[in-house]
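What follows is a set of notes on a single structure, which appears directly below.
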Number of protein chains: 2
Amino acid sequence: MTSRLEALCMEKGLKMTGQRRVISQVLSEADDHPDVEEVHRRAVQIDPRISIATVYRTMRLLEDAQVIERVDLGDGRARYEEATADHHHHLIDTRTGRIIEFASPELEAMKERIAHELGYKIVGHRLEIYGVPLDDAGDDAQDEEERP
Amino acid sequence: MTSRLEALCMEKGLKMTGQRRVISQVLSEADDHPDVEEVHRRAVQIDPRISIATVYRTMRLLEDAQVIERVDLGDGRARYEEATADHHHHLIDTRTGRIIEFASPELEAMKERIAHELGYKIVGHRLEIYGVPLDDAGDDAQDEEERP
DNA sequence: ATCATACTGAAAACCGTTCGCAATCCCAGA
DNA sequence: TCTGGGATTGCGAACGGTTTTCAGTATGAT
């Protein structure tokens, strides 16, 4: 069965090897933001003969083909998500590591305006919010020592 | 002569060694966002016997003491700036690498609101805008291939 | 001045990522 | 369907930024 991303790859004219098929499948099924190691872990479960180097190479390939997008969440390793048309950003739950995506047209407009005021045209941007759930934010939220 | 940051370090009760004094001086005089290697380069000019390991250690120390702040501009290495009371963000000129700081109370409020709507309390956040100058944005700005 | 303690330099270890190379695979063309 | 040759792979080595180890040194409280 050909996965969503595999179809996309073929559309883009990428040579479809067994490894790329497996990685595409893994990424199609992922609903989180896995890093390379995690993608490899999942890929190996489908076909044990996939090396981490190939995962690295394939992620870069898919990124260049704009099939996936790299997300730098400041934890020192690259994470990935499927490429989407709309710009969105991430709220990271510092307690659990959960990542919540959100979009805000107003925010986009405001950034656009700020850049313009500074004499610049935006070619890219990223916003990350680190937070703790409101309900249990009372205890150690104040001196939560994060190194984002 | 004791530099601004050196005074701050003493206030915080940090043991002031020769190396820390020099690094504090370098950071006090910096008006840009140097990475560790750059700080080391400048420090060595004042006292050649400072090792890069000490710079790494001192930067971490000063960061933990909230004397300086680490800025991750997505270029794979840590950059630093003096800690400030107000939250500000960075606009990076992708042509020249120039970094422009800016602050926007409205932006802060909007982020606060967004996080709140998602049920979160903000403990940290960062926004980076990558852009090109408006005046010469016409040529290759469209397909500027950045990997931020 | 003394001394325990914290700090330093140098080199090795680390971690995520990329590269070099020989072996292997994919697929356009026959 | 078979084949040839460029693209892709696995492995291990290399890489760049950062941290650590360890023996030697400097600091500042006494």
Can B/Arg42 and B/Asp32 be counted as an ion pair, charged N to O under 4.0 angstrom? yes
Please report the distance, rounded to the nearest Å, between CG in B/Asp64 and C1' in D/dT18. 15 Å
B/Lys15 has its side chain closest, among C/dA6, C/dT17, C/dT18, to C/dA6
Could you tell me if the side chain of A/Arg98 sits less than 4.5 Å from the side chain of A/Ile92, heavy atoms only? no
Quick check: on DNA chain D, is the nucleotide nearest B/Gly18 upstream (toward 5') of the one nearest B/Arg79, or the reverse? Name the residue that is more 5'. B/Arg79
In whole Å, what is the span from the CD1 atom of B/Ile52 to the P atom of C/dA10? 12 Å
Between A/Arg77 and B/Arg57, just flag the one whose closest nucleotide in DNA chain C comes earlier from the 5' side. B/Arg57
Is B/Arg60 near enough to D/dT18 that one of its side-chain N or O atoms lies under 4.0 angstrom from OP1 or OP2? no
Measure CG/B/Leu62 against P/C/dC7 and give the value in whole Å, please. 12 Å
Please check the phosphate of C/dT8 (OP1 and OP2 only) for any side-chain N or O of B/Arg20 closer than 4.0 Å. yes
Round to a whole Å and report the spacing from CZ of B/Arg21 to P of D/dT27. 7 Å
Starting the side chain at C-beta, find the nucleotide from D/dG12, C/dG9, C/dC27 nearest to A/Met16. C/dC27
Donor-acceptor pair between B/His33 and B/Glu69 side chains, under 3.5 angstrom: no
OP1, OP2 of D/dT27 versus side-chain N and O of B/Gln19: anything below 4.0 Å? no
Measure the distance from NZ on A/Lys12 to P on D/dA7 and round it to the nearest whole Å. 21 Å
Considering only heavy atoms from C-beta outward, does the side chain of B/His90 approach that of B/Glu81 to under 4.5 Å? yes
Residue pair B/Arg20 / B/Thr54, side-chain heavy-atom distance below 4.5 Å: no
Answer yes when A/Glu106 and B/Arg113 have at least one side-chain N-carboxylate O distance shorter than 4.0 Å, and no when they do not. yes
Answer yes or no: does a side-chain N or O of B/Thr17 lie under 4.0 Å from OP1 or OP2 of C/dT8? yes
Separation of atom CG in A/Asp75 from atom P in D/dT18, rounded to whole Å: 15 Å
Below the 4.0 Å mark, does C/dT17 have OP1 or OP2 next to a side-chain nitrogen or oxygen of A/Tyr56? yes
In terms of ring plane angle, is the pair B/His125 and B/His89 parallel, tilted or perpendicular, where the classes change at 30° and 60°? tilted
Residues from residues 37-50 of chain A sitting under 4.0 Å of DNA chain D, heavy atoms only? A/Arg49, A/Ile50
